[in-house]
There are 2 protein chains.
Amino acid sequence: MSIRILLADDHSVVRQGLRMFLGLDPDLEVVGEARNGVEAVRLAQELAPDVVLMDILMPEMDGLEATRQIRALLPDTEVIALTSVLENEKVFDAIRSGAIGYLLKDTESEELCRAIKAAAAGQVQLSPQAAAQLLRQERSSEPEIEALTPRETEVLRLLAHGLANKEIARDLGIGEKTVKTHVSNILSKMGVLSRTQAALQAVKMGLVSVDES
Amino acid sequence: MSIRILLADDHSVVRQGLRMFLGLDPDLEVVGEARNGVEAVRLAQELAPDVVLMDILMPEMDGLEATRQIRALLPDTEVIALTSVLENEKVFDAIRSGAIGYLLKDTESEELCRAIKAAAAGQVQLSPQAAAQLLRQERSSEPEIEALTPRETEVLRLLAHGLANKEIARDLGIGEKTVKTHVSNILSKMGVLSRTQAALQAVKMGLVSVDES
DNA sequence: TTGTGGCTCGGACTTTTGGCGGAGAGGGAA
DNA sequence: TTCCCTCTCCGCCAAAAGTCCGAGCCACAA
């Protein structure tokens, strides 16, 4: 009985590549391909695969949310997060979302096959780099960013688009003084010293996209 | 006589995927793989392939510089830029660097084979999306960002890390007034109104990476 | 030689930013 | 009801940011 695999990646090149060389291993069988998170959840329900190889960055619904839903619906299906870049928080996020593994796309094929088999058996698999990052994160005693209130998040979003306090006030229909209070609280909570640092941090966290406006 | 292809991509999954399904076409033959720009240039000299499939984002040396060098050294070798995302300036940059085509990684395999054969014959190939972008760019009459001087670029780099004028001055060993002059000129040249906007723009342009410091 | 442009500063000035303390209104939880 | 949090705003103030003008130095090109 071979291990049944569902691929979820928005790039057809990656999907075809994975399908090809996973097909070379007689123990592995690719039973479906999804090109976004919504498709991934739907196909996972239909096919009930043993393992899902899930790209984190996808249109429609990202891999993290898809992972959460799949894990909730199909407790016997393991998810391995597969991504091209090693992003700091993403490793944590993936594990938190229920992924049993986190692998980089430049993983060699033998190692990938090994990881899939381990995942199907319920064993945790991480790229050495990802594992190192995870340890580093844990050691560094979590800066523990205090949660921003909805209003503060809104202000930060505008701030991270390069707006001045006066413009933010106009956009939100409130006084400039109020905006300054919010900004002050935001800087304090985020542990940064200037609005510029806050804006960069917001981009880094993915609150705003780099190519927005 | 089949078309000889060199792959250049830092992700082994992508390389293996491409190698697999390009191998299915009897007219195409993958003769080498490079995992960064330096390797790509070296292998191109050794192998003199007909076509290089070049990822834009790679460590060591990026695909654009590698393309320039290969085109300079081997005029008969055509380069097709292959990237996962459609980045505004990157399309232009790739063409400027000497690439004959610009394809997205989610291109279907048949179209990819067709594009390679067209490139080998010296015909220009662009993803429909890339072509559209190119036309849009040309229409939009280039905002024409005035070029920054080396010193200004250096200041912008530090500024985009969230440093204050005083810190930049200390780092560069110059006076704070001088930094303010530079910043003022930078804002003017970039057409933005604040250092925060300049920092965001710098990230967008790729001058600094989002996960640096 | 005579520019020209880049880098460096200065003075003087306005605007923006950010901190600190206080405070009222509203909502929700104990 | 009594907190506690959020959102709103005030005044006051110091620091940072940014503009405008002028100026010296240096290297490099015409």
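Predicted model, so just to flag it, every value in this text is computed and none were measured. Below, read A as the first sequence line, B as the second, and so on, with proteins coming before strands; counting in each chain starts at 1.
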Measure the spacing between NZ of B/K117 and CG of B/L28 and express it to the nearest 0.5 Å. 5.5 Å

Please report the interatomic distance CG(A/L163) to OG1(B/T196), rounded to the nearest 0.5 Å. 10.0 Å

Would you say that A/L158 contacts A/E167 through its side chain, given a criterion of any heavy-atom pair below 4.5 Å between the two side chains? no

Can you tell me which nucleotide in D/dC10, D/dA17, D/dT8 comes closest to the side chain of A/H182? D/dT8

Please determine whether a side-chain nitrogen or oxygen atom of A/N165 lies at a distance below 4.0 Å from atom OP1 or OP2 of C/dT16. no

Over how many whole Å does the gap from A/M190 atom CE to C/dG18 atom C1' extend? 16 Å

Which whole-number value in Å describes the distance from A/L187 CG to D/dA16 P? 14 Å

Specify the separation, in whole Å, of atom CG of B/L163 and atom C1' of D/dA16. 14 Å

Check: A/I70 and A/M54 side chains under 4.5 Å, non-hydrogen atoms: yes

Hey, is CZ on B/R35 packed in by over 12 heavy atoms from elsewhere, all under 6.0 Å? no

For a quick check, tell me whether the side chain of A/K180 and the base of C/dG18 share a donor-acceptor pair closer than 3.5 Å. yes

Taking only the side-chain heavy atoms of A/K166 (C-beta and beyond), determine which of C/dC9, C/dG18, C/dT16 contains the nearest atom. C/dT16

Check every atom of C/dT8, D/dA17, C/dT17 against the side chain of B/R151 and return the nucleotide holding the closest atom. C/dT8

OP1 or OP2 of C/dC7 sitting under 4.0 Å from any side-chain N/O of B/T149? yes

Distance in angstrom units between B/I168 CD1 and C/dT8 P, rounded: 12 Å

Rounded to the nearest Å, what distance is computed from the CD1 atom of residue A/I174 to the C1' atom of nucleotide C/dG24? 16 Å

Remember a base hit wins even if backbone is also touched, and classify A/T181 as base, sugar-phosphate or nothing at under 4.0 Å, heavy atoms. base

Rounded to whole Å, NZ of A/K177 lies from P of D/dC7 at a distance of 20 Å

Quickly work out the A/I186 CD1 to D/dT6 P distance and round it to whole Å. 13 Å

Tell me whether the OP1 or OP2 atom of C/dG18 has a side-chain N or O from A/S184 closer than 4.0 Å. no

Please give, in whole Å, the distance from D/dG18 P to B/L156 CG? 12 Å

I want to verify a distance call: between D/dC10, C/dT8, C/dG10, whose nearest atom is closest to the B/T178 side chain? C/dT8

